[in-house]
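For reference, the structure discussed in these notes is given below.
Worth saying up front: this structure is predicted, and the values here are computed from it rather than measured. By convention here, the first residue in the shown sequence is residue 1. All values below come from the heavy atoms of this structure, side chains included, with hydrogens, waters and symmetry mates left out.
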Amino acid sequence: MVKISNNILAIEVSPKGAELSSILKGGQEYLWQADPKFWPRHSPVLFPIVGRLWDNKYRIKGEEHQLSQHGFARDMEFTLLEQSEDYVRFQLESTPETLEKYPFEFRLIIGYSLNENRVGVHWSVENIGSVDFPFQIGAHPAFYYPNFDEKSEKRCYLDFCTKEQLHYIKPVEKGCTTPDQYPLVSDNGVMPIDIHSFDECATYVFENHQVNKVSILDLDKKPYVSVEFDMPILAVWSPVIEHPDVPFICLEPWCGRCDSVGFDGDLYEREAQQILAPGEIFRNSYYIIVE
């Protein structure tokens with residue numbers, strides 16, 4: 001485990017998946033600690049796909065391949081590139097193993113930085129091959145509910161930091177979506193979260209840059225943790241249906257998403273796909289603000 005800190009925050013990152021594994025402020029842990037009873041991860045990086053492929057299959061020029069949900073990077077060992085007191089970077093390059101699953105050469109660099117009460121998460125994807133590289137990348141950080149009380153049905157509030165009416169899509173079959181859009185019921189962008197919030201929608205998926213910041217508020221509506229980003233998609237998930245007493249919620253900025261139900265087109269035609277020409281580099285970052 002690699003540790004960095006400043007005078008406010010201390011974080012830990014695992015070389016496996018370059019996964020953020022702890023965020024401490026004043027001795028309090030804010031990041032879910034991966035109890036396998038509920039969900040055995042902290043904050044995996046989703047790459048080279050986000051979500052599910054229809055029937056876990058994709059096609060390139062008519063040839064069919066298989067790839068499981070969220071891709072493979074989250075389960076691979078990254079190499080530590082550099083580390084300072086408040087910054088660290090890890091790298092993963094394509095291997096014979098990844099090329100069997102996904103026949104494209106890439107270099108993925110994931111960095112973490114600290115600036116006062118902000119954790120920066122930085123992605124760099126480089127196409128080191130000779131053909132266009134289709135990919136997606138996404139975040140999946142899980143945060144403890146503030147002052148969690150499993151005896152209460154109430155959990156927190158989510159502030160989507162916008163007064164605009166938000167609309168979401170949702171996975172409906174085999175983890176894939178339909179184009180149907182649903183209006184989010186909120187009070188000026190603030191949504192109460194309780195044990196029934198995910199009964200009809202296990203994952204809320206907000207597309208088209210509707211949201212660029214979302215905050216967890218405690219039951220007194222005081223800010224607790226925020227996630228700030230410039231990405232086209234935000235997902236919100238908690239496994240409440242299986243575990244009514246689950247103590248965390250995931251706020252997930254994505255550059256990509258799952259297939260639509262029944263999608264059988266070419267990999268390059270997937271919705272929300274990123275395409276890199278040979279030698280090109282994609283960069284993006286998001287920020288976790290411990291309020």
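A side-chain donor from one of E29 and S22 sits under 3.5 Å from a side-chain acceptor of the other. Side-chain contact check for R89 and Q83: no donor-acceptor pair (N or O, by modelled atom type) lies under 3.5 Å. In summary, the side chains of S215 and E291 do not present any donor paired with an acceptor at a separation below 3.5 Å, with no hydrogens or angles considered. The closest side-chain donor-acceptor pair between S113 and H122 falls under 3.5 angstrom.
Between T98 atom OG1 and F72 atom CZ the span is 4.5 Å, to the nearest 0.5 Å. In this structure, Y286 OH and E252 CD are separated by 9.5 Å, a value rounded to the nearest 0.5 Å. Rounding to the nearest 0.5 Å places CH2 of W54 at 12.5 Å from CZ of F263. For the atom pair CD of Q136 and SG of C258, the computed distance is 8.5 Å after rounding to the nearest 0.5 Å. A distance of 4.5 Å separates CG of L108 from CD1 of I110, quoted to the nearest 0.5 Å. Summarising the geometry, atom CH2 belonging to W32 is positioned 10.0 Å from atom CH2 belonging to W39; distances are rounded to the nearest 0.5 Å.
By the 4.5 Å heavy-atom criterion applied to side chains, R118 and E228 are counted as neighbours. P48 is listed as a side-chain neighbour of L67, based on a closest heavy-atom distance under 4.5 Å. Counting heavy atoms from C-beta on, the side chains of P183 and Q165 come closer than 4.5 Å. You'll find the side chain of L184 reaches within 4.5 Å of the side chain of M191, heavy atoms only. At a threshold of 4.5 Å between non-hydrogen side-chain atoms, the residues P192 and D194 do not count as touching. V246 has its side chain out of reach of E150: every pair of non-hydrogen atoms, C-beta onward, lies at least 4.5 Å apart.
At least one donor-acceptor pair closer than 3.5 Å links the side chain of E280 to the backbone N or O of A277. With Q33 contributing its side chain and L31 its backbone, the two residues share a donor-acceptor pair below 3.5 Å. Listed for the N6 side chain is a donor-acceptor partner under 3.5 Å among the backbone atoms of L9. Under the 3.5 Å distance criterion, the side-chain polar atoms of Y182 are left unmatched by any main-chain donor or acceptor of K170. In this structure a side-chain-to-backbone donor-acceptor pair under 3.5 Å is present from D218 to D220. Panel note: side chain E207, backbone Y168; no donor-acceptor pair is recorded below 3.5 Å. The backbone N or O of E269 lies less than 3.5 Å from no partner atom in the side chain of D266, so there is not a single donor-acceptor pair.
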Worked check of side chain to side chain contact (heavy atoms under 4.5 Å, CB included) between T79 and L92: CA-CA 6 Å; T79 300; L92 176 69; over 6 Å; no

Residues Y30, Y144; criterion side chain to side chain contact (heavy atoms under 4.5 Å, CB included); working and verdict: CA-CA 6 Å; Y30 286 78; Y144 282 107; 5.9 Å; no

Test side chain to side chain contact (heavy atoms under 4.5 Å, CB included) applied to T177 and V261, step by step: CA-CA 6 Å; T177 64; V261 171; 6.0 Å; no

Residues H209, D230; criterion side chain to side chain contact (heavy atoms under 4.5 Å, CB included); working and verdict: CA-CA 8 Å; H209 291 273; D230 182 10; 3.7 Å; yes

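Crowding of K154 atom NZ: a count of heavy atoms from other residues, nucleotides or ligands under 6.0 Å not exceeding 12. Within 6.0 Å of atom CD in E64, more than 12 heavy atoms from other residues, nucleotides or ligands are found, so the atom counts as buried in its surroundings. Enclosure of atom CD in E242 by more than 12 non-hydrogen atoms of other residues, nucleotides or ligands within 6.0 angstrom is indicated. Heavy atoms of other residues, nucleotides or ligands lying less than 6.0 angstrom from CD of Q28 number more than 12. Around the CD atom of E82, the shell of radius 6.0 Å holds more than 12 heavy atoms that belong to other residues, nucleotides or ligands.
The aromatic rings of F206 and F160 sit tilted, their planes meeting at an angle between 30° and 60°.
Aromatic pair F198/Y204: ring centres closer than 6.0 Å. Between F106 and F104, the ring centre distance reaches or exceeds 6.0 Å. Aromatic ring centres of F135 and F282 lie closer together than 6.0 Å.
For the side-chain hydrogen bond (donor to acceptor under 3.5 Å, both in side chains) with D75, the qualifying choice from R41, H70, K16 is R41, the only one to do so.
Under the 4.0 Å criterion applied to side-chain N and carboxylate O atoms, D264 and R59 are not assigned as salt-bridge partners. Ionic pairing of K174 and D55 is present here: one or more N-O contacts between side-chain nitrogen and carboxylate oxygen are shorter than 4.0 angstrom. In this structure, R74 does not pair ionically with E19, as no charged nitrogen and carboxylate oxygen lie closer than 4.0 Å.
Of all heavy-atom pairs spanning T203 and A235, the tightest one is CG2-CB, 4.0 Å. Considering all non-hydrogen atoms of both residues, L276 and N127 come closest at O-ND2, 2.9 Å.
By the rule that hydrophobic residues join a cluster once side-chain heavy atoms approach within less than 4.5 Å of another member, V13 and V45 end up as members of one cluster.
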